[in-house]
There are 2 protein chains.
Amino acid sequence: MVTIKDIAKVAGVSHTTVSRALNDSPLIKPETKKKIAAIAESLHYVPNVNAKSLVNQKSYIIGLYFSHLSIGTSDSFLVEVIKGISDTLPSEYTLAVHELLQSDTFDEEPNRLDGAIVMSQSDRDDGFIAALSKKNIPIVVLNRQLQDATLMNVTSNDAQGVYQMMTYVLEQGFRKIAMIEGIASFGSARERRKGFMKAIQEKQLVCPKEYFVAGDYSLESGQLGAQQLLALPEPPEVIFCANDDMAIGAINACHQAGRKIPEEIGIIGFDDSSFSPYTYPPLTTIRKPVYEMSQLAATLLLQAFANQVVEQQHFFDTSLIIRQSL
Amino acid sequence: MVTIKDIAKVAGVSHTTVSRALNDSPLIKPETKKKIAAIAESLHYVPNVNAKSLVNQKSYIIGLYFSHLSIGTSDSFLVEVIKGISDTLPSEYTLAVHELLQSDTFDEEPNRLDGAIVMSQSDRDDGFIAALSKKNIPIVVLNRQLQDATLMNVTSNDAQGVYQMMTYVLEQGFRKIAMIEGIASFGSARERRKGFMKAIQEKQLVCPKEYFVAGDYSLESGQLGAQQLLALPEPPEVIFCANDDMAIGAINACHQAGRKIPEEIGIIGFDDSSFSPYTYPPLTTIRKPVYEMSQLAATLLLQAFANQVVEQQHFFDTSLIIRQSL
DNA sequence: GTGAAAGCGCTAACAG
DNA sequence: CTGTTAGCGCTTTCAC
């Protein structure tokens, strides 16, 4: 392993000078810098991140924690988040992906992160987030609105998006509207239901209880939920699914039952995932700018490292994507 | 920050003793260990990974490199790989996800990985893999068979899976069989074509040139490819798509064209991705055990760390998943 | 401008 | 069994 001392020996200077030169310190003559850079290059010198980290108290590692790598989070969502963050982070940073631990033993987690982004789905993550906060590193919580206004928080206005969509649906003249809901403990599920209810109530409509079926954001639960709705004596004209995965399951159920979409039944999703243009018929849905939100999360972290004062709360608007499933 | 010296002071021993006790050295009396563990606990001591790393020459970071985070790799594939690895790695390890750099400037990458898993799609990654090898860390290349037998390599027998599937298709009496191919430079695309051709040629069949259409593993290219095939004067009875995403696009194209699946046209995919049971009709496909392959990749790395001698080459069989799209 | 020396938190000879 | 000492590769006072 080539160290700065090796370079120093070749250059005939002290290792201190090498360190300064490599870090572009103003104390070093430009020519000395050039000479040292050339030697470092020729020796294929690679800095030892661990040594740097030890002395600088900085690891150059950003943690990304996911509520559930396995359930309730669709693959495309996770990938969008990873892309958004890694596209934004400068290359000296490493992105460490972890499944979020619900256990209380989090304190034992090593102290090696410069900052963390928590993709949180439910308030069951609050314990984890609180434990993380104690580490005194910048944290941004993505995807779920926090009570605690002292943490950086990037969320989207799910309720408003659903409200807009349902208003649009009502304007089209539909009245029998059902909803397949997300995981009850997830904030996103509550938000989406809120937007749904607001539009319904504004029109003074009453949806029968059977029109609200439980789901868990999985393809399967969408299929099951739709089967249940279609079997009703008075089935709905429109099914709003709290995410695209469930909408795909629901579309499948309609096809199996021989109901034509959108003629006999309309299906609406939420997320605008990569599959949604390729369902049959293409899915009408609500776009949530996950990539952009993740980019902002990374940017906020970077700004916090630079001690910049930043706005803590950030909202993204969702938008309607009208395709052919309604 | 609490260090071993702080613990030593409280315990009235040297910091060396603390270090040994915490590392469960046989040199330390059990009672001393217990006492020190208790003090560490009460002080909320957290080891400094950077200091440990520096002296042990071990970072506890595993790099996961992806050929293309953006194109040619479906989301579910990436997520399966991440899950497989992180479920296998002991918790003291950190999984760092990186997009694979095609640039030749890879040498500048810091030396901080204990090992790496490269999810490689094409031989264009060979330069990167070669550069990585120079770091003298264990590397396992996932997903693509290597020429270089000195590296650990975990692959699946894609050709054989496709061959089995096509043999099955031919046994059903189908003769007009088309293929939408993957990205030409990807090893997987070549393997899948190989299995396809083998079955065709064994039956002494000749597929017209128009039955081979180019694709790029994206949903869109599957849709486009299928449209092209359906527009042929003599369209095929069966379309084999080199991955599930393209199959989903192809199914969509068939619906748009009003062709009934499987009555008028059969569709076959490859991967058995999470969506494949929820297409309409459910997709007949070839399962590739990505999760298990990734677990093995992580296990191999761990064994290499422990200086165990391991088999370098590992093959996984694929299997047929017969659903209703054919 | 540059160098000598100290020290980040930890582990590992070596000595007792 | 335990402590003393040195050192991992780097940055940073403090002198010159």
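Lettering follows sequence order; numbering is per chain, from 1.
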When we call it a touch if two heavy atoms are under 4.0 Å apart, what does A:S53 touch: a base, just sugar-phosphate, or nothing? nothing
Would you indicate whether the side-chain heavy atoms of A:Y93 and A:I61 approach each other to under 4.5 Å? no
From CG (B:N136) to CE (A:M1), nearest 0.5 Å: 11.5 Å
Got a donor-acceptor contact below 3.5 angstrom from the B:T32 side chain to the B:I28 backbone? no
Terminal helix-axis angle for the helix from C:dG1-D:dC16 to C:dG16-D:dC1, with five pairs defining each axis and rounding to 10 degrees: 40°
Smallest heavy-atom separation, A:K288 atom then A:N143 atom, equals NZ-OD1, 2.8 Å
With B for base contact, S for sugar-phosphate-only contact and - for none (protein heavy atoms under 4.0 Å), nucleotides 8-16 of chain D reads BBSBBB---
I'd like to know whether B:K83 forms a salt bridge (charged side-chain N to carboxylate O under 4.0 Å, His left out) with B:E80, so could you lay out the CA-CA distance, the side-chain angles of the two residues, the decisive distance to 0.1 Å, and finally the verdict. CA-CA 5 Å; B:K83 274 192 217 163; B:E80 284 293 290; 3.8 Å; yes
With sequence neighbours left out, write down each residue that passes salt bridge (charged side-chain N to carboxylate O under 4.0 Å, His left out) with A:D123, or none if nothing qualifies. A:R190
Less than 3.5 Å apart, which donor and acceptor atoms pair up between the side chains of residues 296-315 of chain A and the rest of the protein, not counting sequence neighbours?
unit_1 : atom_1 : unit_2 : atom_2 : d
A:T299 : OG1    : A:Q295 : O      : 2.9
A:Q312 : OE1    : A:M152 : N      : 3.4
A:H314 : NE2    : A:E311 : O      : 2.8

Give a yes or no on whether B:K58 atom NZ has more than 12 heavy-atom contacts from other residues, nucleotides or ligands under 6.0 Å away. yes
Between which nucleotides of DNA chain C, 5' to 3', does chain B make heavy-atom contacts below 4.0 Å? C:dG9 to C:dA13
Holding to salt bridge (charged side-chain N to carboxylate O under 4.0 Å, His left out), I want the full list of residues that pass it with B:R144, two or more places apart in sequence or in another chain. B:D126
Has A:S156 got a side-chain atom pairing as donor or acceptor with A:F316's backbone, closer than 3.5 angstrom? no
